[in-house]
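In what follows, chains are A, B, ... by sequence order, proteins preceding strands, each numbered from 1. Note that these values count all heavy atoms, side chains included, but never hydrogens, waters or copies made by symmetry.
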Amino acid sequence: MEIASKYDPRAIEEKWYQFWLDKKLFHSEPDHRVPYTVVIPPPNVTGVLHMGHMLNNTIQDVLVRRARMQGKNACWVPGTDHASIATEAKVVKMLAEKGIDKRSLTREDFLKHAWEWKEQYGGIILKQLRKLGASCDWDRTAFTMDDIRYESVIRVFNDLYNKGLIYRGVRMVNWDPQALTAVSDEEVIYKESHGKLFYLRYYVEGEDKYIVVATTRPETIMGDTAVCVHPEDERYSWLKGKRVIVPGVGRVVPIIMDEYVDREFGTGALKITPAHDINDYNLGMKYGLESIDIFNDNGTLNDNGGKYVGMDRFACRKAIMKDLEEAGLVEKTEDYTNKVGHSERTDAVIEPKLSAQWFLKMEGLAKKALEVVENDTIRFHPAKFKNTYRHWLENIKDWCISRQLWWGHRIPAWYLDVNGKVETIVAMNEEEARKVAAEKYGYTGALRQDEDVLDTWFSSWLWPISLFDGIRHPDNEEIKYYYPTADLITAPDIIFFWIARMIMAGEEFRDEIPFHNVYFTGIVRDKLGRKMSKQLGNSPDPIDLIEKYGADGVRMGMLLTAPAGNDLPFDEAICEQGRNFSNKMWNALRLVSGWQVTGDCGVQSAEMAETPNSNDVAVQWMEQRMAQVIEEIEHDFEQYRLSEALMATYKLVWDDFCSWYLEMVKPAYGTPIDRATYDATINIFSRLMLLLHPFMPFVTEEIWHTLQGIGKSDEQQQFIAQNYSIMNQHMPQSVFYDQRMLDEFDTAREVIAGVRNIRNTRNLSPKEVLEVSYITNDDRYRVGRFEGIIRKLANVSKVEAVSEKPTGALSFMIGTAEYFVPMSQNVDKEAELKKLQEDLKYAEGFLASVLKKLSNEKFVSGAPAAVIEKERNKQRDAETKIAALKAQIEALG
RNA sequence: GGGAGUAUAGCUCAGCUGGUUCAGAGCGCCUGCCUUACAAGCAGGAGGUCACUGGUUCGAUCCCUGUUACUCCCACCA
């Protein structure tokens with residue numbers, strides 16, 4: 001059969017993915033096997049695939065495919081996240097483009113639009129994952145707002161409320177004036193921004209003196225209810241007990257003294273606005289100050305804003321400064337750089353705001369979650385993230401779980417007025433709430449449900465449990481089988497949002513950890529080290545990359561530069577390496593599939609009837625080498641060093657198999673190969689494909705299939721094509737291997753390299769047959785059973801041990817052995833001499849350093865015997881080598 | 001301001017309990033080759049004061065002190 005010399009991934013990848021789907025090879029049901037469960041970090045339902053997803057999901061797929069081939073029941077559950085703020089923002093924008101204002105819609109209408117949007121654009125990202133080769137169990141695809149997950153969330157809310165862990169309270173929250181919702185501390189990004197520091201004059205009541213207060217936010221003076229100085233600040237001791245007038249506002253407020261104030265900053269005097277600054281709020285609580293809220297939810301001034309009512313906060317800042325300037329109340333203005341909180345989702349400047357929100361108590365949950373990571377019940381890879389984790393959990397604050405949005409799980413709390421008092425009922429649904437209202441309060445009127453929805457993470461923290469319906473049915477077969485999951489693969493930036501909280505949920509609702517290992521991926525950056533972002537436009541479209549290099553190529557490119565926890569500077573060029581590798585294997589397949597076997601119909605060759613010894617050795621050696629590398633690979637996987645495992649496999653296939661093994665056994669053009677070697681080669685090649693399959697699923701399936709079909713009848717081939725998959729094969733395991741044989745090969749390889757080197761420097765054709773002889777008394781450096789292979793690969797007619805140096809030969813050394821290649825033409829004595837003298841100089845320097853060590857009294861008495869023995873061996877070898885070199889130089893000269 | 005991490009070849013990184021797996025890998029680079037599987041290839045080669053400084057030790061890329069540079073996380077300095 002004719003095979004193209006270039007591998008074309010496109011058709012092949014599509015074919016096999018469909019095949020895997022048709023055969024339901026990704027699907028998992030509980031059975032007798034050991035489970036291996038991975039839950040996908042659910043991407044935003046309306047998101048599109050970016051490089052971070054590519055990395056993350058490639059790693060998951062590698063682990064899942066490997067586990068599957070190790071005979072485990074691998075289950076990788078996909079799904080998407082409803083992403084409250086992000087999705088609602090997108091829908092609002094979409095509606096606005098159609099000329100529809102969200103505020104003109106009822107909640108129900110808005111949600112209808114949102115669901116439509118979700119149906120239309122949702123899940124694109126999951127389709128994209130298929131192109132990557134992700135072996136997810138698509139039958140299990142979930143959504144954080146589907147029926148099971150929705151009910152789970154509501155149930156959990158009820159449960160925690162009944163346990164007294166959820167409460168409602170008025171707190172200072174991070175308010176996003178654009179999205180009109182509270183956001184959690186973790187969703188606030190502090191950015192450096194250039195602003196001004198304004199120095200304002202606060203006159204003392206009834207006196208002509210004033211003190212100067214520095215502020216970055218003069219617009220909040222309408223909410224000032226005190227001025228604070230340090231109690232030990234002598235500059236201000238005269239102010240004790242006095243009151244000052246807020247400039248421009250005229251309100252008289254007290255001077256308070258508290259050590260909170262930093263005397264070095266500004267003027268050492270601080271204005272206190274309890275409603276609009278978290279610290280001021282705390283001080284306000286401490287001193288019983290009035291709290292005056294001056295902002296509307298959208299960041300404009302409210303009725304407390306005096307003449308600035310309705311003005312935006314930033315416009316107000318300008319206006320108010322102009323007015324104060326004119327009134328002579330401004331001392332000076334300085335440029336100032338500080339960090340300002342921005343909303344992660346909308347980028348709006350966060351406004352600290354007092355509001356009624358729902359909170360989840362963290363103390364008890366955090367304690368357990370910390371414990372299981374501290375004692376390595378859950379292992380982090382790399383472990384350095386334990387520090388970050390610990391620090392957060394030890395300083396954790398209660399989790400604000402309510403959001404002022406519509407898209408999400410609506411808080412299952414209903415309010416009713418009883419005797420002028422508002423009572424709260426938390427229930428599974430309105431019907432139940434009514435029952436409670438009737439029973440508890442004898443109330444049958446209308447109930448008002450809380451308007452807010454829950455923080456998105458309040459559903460994702462249940463993900464490993466809710467995916468198997470373990471909240472609603474804690475004893476069902478699936479949750480009992482699949483939970484706890486094995487490995488979680490995610491980016492470190494959601495360690496608090498998600499990882500910590502999943503651990504809490506696991507402990508709280510299953511009394512068990514949610515996963516055994518957390519593998520932190522790096523952040524994908526461009527080759528200049530910048531984060532990939534839409535703004536910079538430096539993020540390649542993963543789908544384009546797959547088109548260009550094949551999914552296998554891209555997967556390999558990502559993995560090669562992605563050690564756990566390290567950021568990876570992504571360079572498209574590295575996908576090329578992956579593509580080239582596919583092509584290399586493809587061509588190895590072309591070679592092997594073109595071989596004719598002795599004894600097969602139509603092939604007659606008496607000489608080749610038996611397996612040549614060199615082929616026997618080649619097969620044996622390749623088996624040893626594979627066993628050795630498999631051991632390495634297993635070790636790498638244990639430590640989650642995927643890039644190293646891949647590199648080891650890459651070198652095994654390319655260097656050992658293609659460059660060495662195939663060259664060893666390759667028959668001369670037009671001649672057949674013996675049956676035993678042929679079968680062994682197919683077998684070895686097939687097992688290499690198994691090893692590589694988790695990393696490069698498509699090309700390995702294609703090659704493996706072709707190999708299985710080789711030499712079979714059309715009918716058999718058909719059967720294999722339709723009924724077998726590399727995915728069902730068992731991953732090769734490490735076995736005992738003969739280290740001595742591997743060492744012997746190293747010598748053989750050096751001989752071959754030595755001869756090739758001579759050809760290269762002397763410009764000799766590879767076709768010119770040479771001879772090799774050598775002198776040694778050290779068995780380590782004899783050619784041994786690799787002689788036939790050396791003859792073939794170095795193209796020499798004989799390799800023989802001699803006792804005398806041949807004349808007119810070029811030489812090289814392997815260890816202490818001298819190897820010679822006799823030359824028919826004259827040898828360039830000058831060049832030879834120069835090379836030998838350089839070698840001699842190096843060897844003598846080496847010997848000197850060894851002798852120095854050995855003559856050191858303290859070394860000999862202090863170092864372990866084994867180390868000293870090694871040094872003595874070094875000495876002996878070096879001496880032998882020097883003697884040989886000297887003799888050669890003499891012979892030449 | 002607090003904490004963590006990193007520094008090894010031109011680039012990206014390995015280097016486990018200090019001593020020939022100790023100076024490594026891949027890519028890149030240089031030289032020569034279209035050698036009947038593959039130029040997306042083959043063969044060969046060059047490249048490093050292991051950031052700097054002291055110390056511990058018979059011996060330090062590795063352990064300790066300090067310095068410098070970069071990265072990340074956390075935090076309420078108006």
Side-chain angles (χ1 to χ4, degrees), chain A residues 3 5-7 172 185 190 197-198 213-217 220 228 260-262 264-273 277-282 336 338-339 341 352 382 384-388 390-392 395 492-493 495-496 523 527 529 549 553 560-563 565-571 573-574 576-595 635 639 641 643-644 647-648 650-651 658-659 662-663 666 668-670 752-753 756-761 763 765-767 795 853 856-864 866-868 870-871 873-874 877:
Chain A
I3 310 180
S5 73
K6 292 259 187 288
Y7 175 67
M172 180 74 69
D185 291 345
Y190 286 89
L197 189 57
F198 305 97
V213 174
T215 179
T216 53
R217 304 203 55 195
T220 63
C228 188
Y260 166 74
V261 176
D262 176 0
E264 307 298 315
F265 189 90
T267 60
L270 173 67
K271 72 187 203 61
I272 305 295
T273 320
D277 184 282
I278 180 68
N279 303 299
D280 293 11
Y281 174 72
N282 292 335
Y336 184 67
N338 68 339
K339 300 237 167 148
K384 65 176 179 183
F385 287 107
K386 276 169 81 171
N387 292 325
T388 317
R390 181 188 319 115
H391 187 259
W392 187 71
N395 298 285
D493 52 350
I495 187 168
F496 311 131
I523 294 167
K527 59 180 165 183
Y549 302 102
L560 276 184
T561 40
N566 275 16
D567 284 2
L568 78 161
F570 183 79
D571 187 345
I574 207 152
E576 209 173 300
Q577 195 183 345
R579 181 199 60 178
N580 293 355
F581 187 36
S582 294
N583 197 53
K584 181 72 185 177
M585 293 184 289
W586 182 251
N587 276 290
L589 175 68
R590 284 179 69 212
L591 173 69
V592 172
S593 64
W595 284 346
H635 193 64
Q639 301 182 301
R641 297 159 76 143
S643 53
E644 299 205 11
M647 182 52 77
Y650 172 76
K651 287 194 280 191
C658 292
S659 296
L662 287 180
E663 293 300 330
K666 187 160 112 183
Y669 183 70
I752 294 164
R756 282 175 178 169
N757 202 353
I758 284 172
R759 283 186 198 279
N760 247 335
T761 52
N763 247 330
S765 158
K767 286 176 181 163
N795 193 22
K853 255 191 206 176
N856 183 336
E857 194 80 17
K858 287 178 177 171
F859 171 71
V860 179
S861 58
V867 172
I868 294 170
K870 274 181 187 166
E871 289 301 316
N873 284 337
K874 275 195 217 169
D877 285 359

Spacing between [X] atom [atom1] and [N] atom [atom2], to the nearest angstrom:
X	N	atom1	atom2	answer
A:Arg390	B:G2	CZ	P	19 Å
A:Met585	B:A37	CE	P	19 Å
A:Ile868	B:G59	CD1	C1'	12 Å
A:Ile272	B:C77	CD1	C1'	12 Å
A:Lys666	B:U35	NZ	P	11 Å
A:Asp262	B:C77	CG	P	11 Å
A:Lys386	B:G5	NZ	P	13 Å
A:Asn282	B:C77	CG	P	13 Å

Open item on the list: If stacking means aromatic ring centre less than 5.5 angstrom from the base's six-membered ring centre, planes under 30°, is A:Tyr669 stacked on B:U36?
Closed with: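 One would call A:Tyr669 stacked on the B:U36 base.
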Task: Side-chain donor-acceptor pair present, A:Lys271, A:Thr273, cut-off under 3.5 Å - done: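 The criterion, which ignores hydrogens and geometry beyond distance, is satisfied for A:Thr273 and A:Lys271.
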Nearest to the [X] side chain among [options], which nucleotide is it?
X	options	result
A:Ile278	B:G19, B:C76, B:C74	B:C76
A:Lys858	B:G44, B:C58, B:C38	B:C58
A:Thr215	B:A14, B:A78, B:U35	B:A78
A:Ser659	B:A43, B:C76, B:A25	B:A43
A:Gln577	B:A78, B:G26, B:C73	B:G26

Open item on the list: Go nucleotide by nucleotide along RNA chain B from the 5' end; which of A:Asp877 and A:Leu270 gets its closest nucleotide reached first?
Closed with: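 Comparing both residues, the 5'-ward one is A:Asp877.
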TODO: Please tell me which of A:Ala753 and A:Phe581 maps to the more 5' nucleotide of RNA chain B, matching each residue to the nucleotide holding its nearest heavy atom.
DONE: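 Its nearest nucleotide being more 5', the pick is A:Phe581.
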Open item on the list: Is there, by distance only and without an angle test, a donor paired with an acceptor across the side chain of A:Glu663 and the base of B:A37 below 3.5 Å?
Closed with: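 When only heavy-atom distances are counted, A:Glu663 does reach the base of B:A37 through a donor-acceptor pair under 3.5 Å.
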- [ ] Kindly indicate whether the side chain of A:Tyr260 and the base of B:C76 share any N or O donor-acceptor pair separated by less than 3.5 Å?
- [x]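 Check passes, donor-acceptor contact within cut-off.
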Open item on the list: As a test of the definition: with a 90° window around 0 for syn, would you call B:G47 syn or anti?
Closed with: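 In terms of base orientation relative to the sugar, B:G47 is syn.
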Open item on the list: Both atom distances under 3.5 Å, Watson-Crick or G-U wobble: I'd like the secondary structure of RNA chain B as a dot-bracket string, with | for pairs made across strands.
Closed with: (((((((..((((.....[....)))).(((((.......))))).....((.((..]....)).)))))))))....
Task: A:Asn587 side-chain N/O to A:Ser5 backbone N/O, donor-acceptor pair under 3.5 Å - done: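 It does hold such a pair.
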